[in-house]
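Following: one structure in structure tokens, then a few remarks.
Just so it is clear, the values below take in all heavy atoms, side chains as well, and ignore hydrogens, waters and symmetry mates.
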Amino acid sequence: MRNDMDDDWKESYVEDFQAMLFDASNHIRRREPDAKGFVEYFTQLAVDGFFQFFDHLHIEDDDDLRCTARLLAIQIWNATPLPSNQFRPLPVPVPGRNDPCLCGSGKKFKQCCARMGPDGMIDIPPEVMTALILETVKQSDLKQAWQYLSHPLLAHVAVSWLREDEDWAGRALMLLDPIFKQGDKYLDHRDEMALDAMFEICDLLDKPRKKTALLQRFMAHPDKILQVTALQRQCTVLGDKGLDDAAWACFQKAQRLDPDNPSLSHLELLLLMQQGKTEQMQQRGNYWLKRLEKMNLDGELDALIELIGQMISDTPAALAPLLDQLHPGAGRLIDWLQRAMKAPPGPFEKIEYDDDLGLIKPGNKAKATLLKQWNHLMSDENMWKHPDKWLVLLEKHPELAGSIVVIDDLIQSVYQLEIPNPLMLFEPLIKLAMLQVKFLLPKEPKLPFEWVVMENRPALRVLGFLAETMDELDDPQTALEIRQWLLRLNPGDNQGMRSDVVNDYLRAGRNREAAELCSHYPEDFDVSVNFGYALALFRLGEREAADKRLIRAMNKSPRIADAVLRKRMKKPDDLFHGYFRMGGEYEAWLYHEDARDLWQDTPDALRWLKQTAKTLK
């Protein structure tokens with residue numbers, strides 16, 4: 001399962017980083033357009049210990065801290081749009097190669113920070129600084145921002161505000177409303193995300209008339225993308241209200257406008273499922289399967305085709321005898337899962353994209369409200385302390401089986417039972433989880449779904465659970481495919497998937513792929529990546545590069561070499577509340593158990609490891 005200690009550290013890092021950017025935006029707003037004044041002020045605050053973020057960097061020398069803070073201040077300034085400059089940054093010019101370095105070290109730029117390159121800098125996303133600046137500008141400036149900033153960027157800012165605190169809905173409305181006061185000829189597909197945000201804002205501010213006006217307007221908009229988007233949303237709204245005829249009318253109009261839209265297949269089956277028309281759903285599902293197969297020329301529809309096939313097939317029922325006597329409520333959960341799998345609902349959440357990442361959020365206001373009710377019932381750390389409360393909600397709302405948040409919580413509940421072989425008893429939950437992630441999450445995401453976004457974590461956790469489950473079910477190939485999928489979704493890999501993937505690649509002789517994966521994490525803390533990188537290069541015959549990588553790995557984790565060289569290693573007892581210390585004996589034992597065979601099966605690898613270890617003593 002996930003390493004919660006590592007998660008806590010990263011969450012603290014991100015929180016302190018965001019707090020620093022918030023303070024920096026306030027300082028910039030008060031000092032614009034004085035770049036020099038801001039940089040000096042920010043640097044002094046960092047040296048004085050004002051920003052907790054710098055504690056994570058472990059910089060001991062004051063001069064190094066000052067240089068780092070100064071460079072970071074310049075990066076923040078360069079990424080910040082200034083209201084006085086029509087919301088455009090005024091970046092500090094890059095010095096010439098022989099000019100003094102920006103960081104203040106006194107060295108020439110070519111001999112200092114120029115060698116870091118862009119990869120050596122901390123990334124300051126411009127959209128983050130835009131959101132922070134727009135939080136504090138005057139209302140008059142806020143209402144003018146749409147003239148200078150792209151509509152997708154403004155939509156990203158509005159969505160980030162709503163995600164942080166729904167009380168920001170009023171300010172988000174001031175930001176986006178001027179966009180839609182323009183005539184239709186000025187709006188096109190690039191305004192799709194802003195339109196979605198406006199629908200949500202109307203729900204939060206209880207503006208049904210405004211929402212209805214937007215729906216009516218854009219269901220008749222000349223831009224087909226905006227029109228179909230509004231129709232599909234209206235179709236879902238009407239279906240949730242039980243207005244079946246009206247929902248079908250919206251569906252048919254969207255179908256006429258864009259008949260080859262593959263998403264219509266799932267929307268149609270969902271409507272049939274909501275109305276209990278199981279037989280008709282199966283007939284239409286078979287029709288769609290044939291049609292999608294013809295459309296699936298490049299494999300992009302594989303996941304959708306699989307989903308449609310699963311939606312129209314029955315899942316054999318399974319019982320868990322006597323489990324309810326041991327753990328009251330567990331049998332009810334299994335029954336609920338079986339019913340859910342007989343007619344699996346569509347995804348409860350939906351995917352949205354902003355400029356640089358994917359987001360997972362409830363499909364509509366009603367779903368968001370229901371999910372809030374569910375989350376409130378999850379306040380007890382042990383879900384089986386009062387199971388009746390959340391089981392009643394599940395039984396009353398079977399559509400919750402489509403929620404990746406609920407599935408994530410139910411997975412945790414299964415492990416809280418501490419029963420033998422829980423995967424066998426809760427097989428339907430595994431199938432349900434696999435079904436929903438395959439539909440909800442793209443196999444080849446166009447943007448990352450980062451772990452730092454709280455709403456993305458349940459889905460990423462569920463995928464991690466499925467990978468471990470496939471290992472336990474002796475299906476290593478599927479486990480590897482899921483972990484590769486996770487790395488595509490979240491390249492930062494907060495869950496540690498890369499460790500298993502590297503070892504799997506090496507075990508399969510896929511040495512070049514192992515080296516390529518490791519190259520994306522050159523300064524990693526993961527011993528499997530660091531030592532796996534060295535071993536992959538050694539196998540490829542790139543001895544000089546392998547030597548350098550091995551020395552770096554051994555300097556970071558000096559206990560690993562000794563552990564690998566042992567034929568047998570006793571399991572150490574240095575866990576602290578279930579966690580192991582990085583660089584400790586337990587970490588070395590884990591690597592011995594996971595990867596010693598890789599070294600042993602590689603000719604001359606153990607001898608190379610032993611000789612290198614001697615040179616470092």
Side-chain angles (χ1 to χ4, degrees), residues 155-156 158-169 172-173 176 192-208 211 214-215 229-230 232-242 247 263 266-267 270-271 273-274 307 340 344-354 357-379 390 393-394 396-411 432-433 435-442 447 449-463 489:
H156 166 79
V159 170
S160 69
W161 286 351
L162 299 178
R163 190 169 63 243
E164 182 70 25
D165 190 339
E166 292 181 355
D167 290 340
W168 282 83
L173 179 63
L176 298 184
E192 180 184 4
M193 182 165 51
L195 181 60
D196 273 340
M198 281 293 289
F199 286 133
E200 184 175 351
I201 291 168
C202 289
D203 288 337
L204 291 171
L205 297 178
D206 193 22
K207 293 181 176 291
K211 180 179 179 180
L214 284 170
L215 282 169
T229 299
Q232 288 183 317
R233 176 178 280 268
Q234 177 75 340
C235 179
T236 303
V237 169
L238 294 171
D240 290 341
K241 292 180 177 179
S263 65
H266 184 253
L267 180 59
L270 277 179
L271 289 174
M273 210 184 311
Q274 284 178 332
L307 172 67
F348 200 85
E349 291 84 9
K350 63 180 179 181
I351 295 295
E352 290 188 352
Y353 291 98
D354 62 19
L357 77 163
L359 304 170
I360 302 171
K361 59 181 296 182
N364 55 41
K365 182 183 178 182
K367 292 178 178 180
T369 301
L370 185 55
L371 204 54
K372 282 184 179 180
Q373 188 177 354
W374 169 265
N375 288 329
H376 177 72
L377 295 175
M378 294 298 102
S379 56
W390 53 269
L393 187 66
L394 291 179
K396 184 178 179 181
H397 295 281
E399 67 269 28
L400 284 171
S403 170
I404 207 70
V405 172
V406 173
I407 291 171
D408 180 41
D409 287 328
L410 293 180
I411 289 169
L432 185 64
L435 174 66
Q436 295 298 346
V437 297
K438 282 185 176 180
F439 184 79
L440 179 66
L441 298 173
L447 291 173
F449 287 75
E450 295 180 359
W451 178 266
V452 295
V453 179
M454 297 297 292
E455 292 87 345
N456 290 345
R457 292 189 180 186
L460 297 175
R461 276 199 297 266
V462 169
L463 267 181
L489 287 167

Gap separating the [atom1] atom of [X] from the [atom2] atom of [Y], nearest 0.5 angstrom:
X: Leu435; Y: Ile407; atom1: CG; atom2: CD1; answer: 8.0 Å
X: Lys361; Y: Asn456; atom1: NZ; atom2: CG; answer: 12.0 Å
X: His156; Y: Leu357; atom1: NE2; atom2: CG; answer: 6.5 Å
X: Phe439; Y: Ile404; atom1: CZ; atom2: CD1; answer: 12.5 Å
X: Lys367; Y: His397; atom1: NZ; atom2: NE2; answer: 13.0 Å
X: Arg457; Y: Leu460; atom1: CZ; atom2: CG; answer: 9.5 Å

Please step through side chain to side chain contact (heavy atoms under 4.5 Å, CB included) for the pair Phe348 and Glu399, ending with a clear verdict. CA-CA 7 Å; Phe348 200 85; Glu399 67 269 28; 3.8 Å; yes

Lys/Arg N to Asp/Glu carboxylate O, Arg233 vs Asp196, below 4.0 Å: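 Answer for the salt bridge query: yes.
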
Counting N and O atoms only, with roles assigned by atom type, does the side chain of [X] sit under 3.5 Å from a partner on the main chain of [Y], one being a donor and the other an acceptor?
X: Glu455; Y: Pro362; value: no
X: Asn364; Y: Val237; value: no
X: Lys365; Y: Asp203; value: yes
X: Asn375; Y: Leu371; value: yes

Heavy-atom closest pair, residues [X] and [Y]:
X: Pro398; Y: Pro345; result: O-CG, 4.0 Å
X: Leu447; Y: Gly358; result: CB-N, 4.1 Å
X: Ala169; Y: Ile201; result: O-CG2, 3.7 Å

Within 6.0 angstrom of Lys207 NZ, more than 12 heavy atoms from elsewhere: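 Not more than 12 within 6.0 Å, no.
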
Please step through side chain to side chain contact (heavy atoms under 4.5 Å, CB included) for the pair Leu393 and Leu400, ending with a clear verdict. CA-CA 9 Å; Leu393 187 66; Leu400 284 171; 4.0 Å; yes

Checking Ile360 against Val453 for the side chain to side chain contact (heavy atoms under 4.5 Å, CB included) test, could you report, in this order, the C-alpha distance in whole Å, the side-chain angles of both residues, the deciding distance, and whether it holds? CA-CA 9 Å; Ile360 302 171; Val453 179; over 6 Å; no

Is there a side-chain contact between Lys211 and Leu215 in this structure, where contact means two heavy atoms from C-beta onward sitting under 4.5 Å apart?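 Yes. Closest side-chain heavy atoms under 4.5 Å.
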
Give me the one residue out of Leu440, Ile411, Leu410, Val405 that meets side-chain contact (heavy atoms from CB on, under 4.5 Å) with Val462.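 It is Ile411, the one option of Leu440, Ile411, Leu410, Val405 that forms the side-chain contact (heavy atoms from CB on, under 4.5 Å) with Val462.
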
May I ask you to decide if the ring planes of Tyr353 and Phe449 are parallel, tilted or perpendicular, using 30° and 60° as cut-offs?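 Tyr353 and Phe449: perpendicular rings.
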
Looking only at side chains, do Asp409 and Trp390 share a donor and an acceptor under 3.5 Å apart?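 There is no such pair (donor and acceptor under 3.5 Å, judged by atom type) between the side chains of Asp409 and Trp390.
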
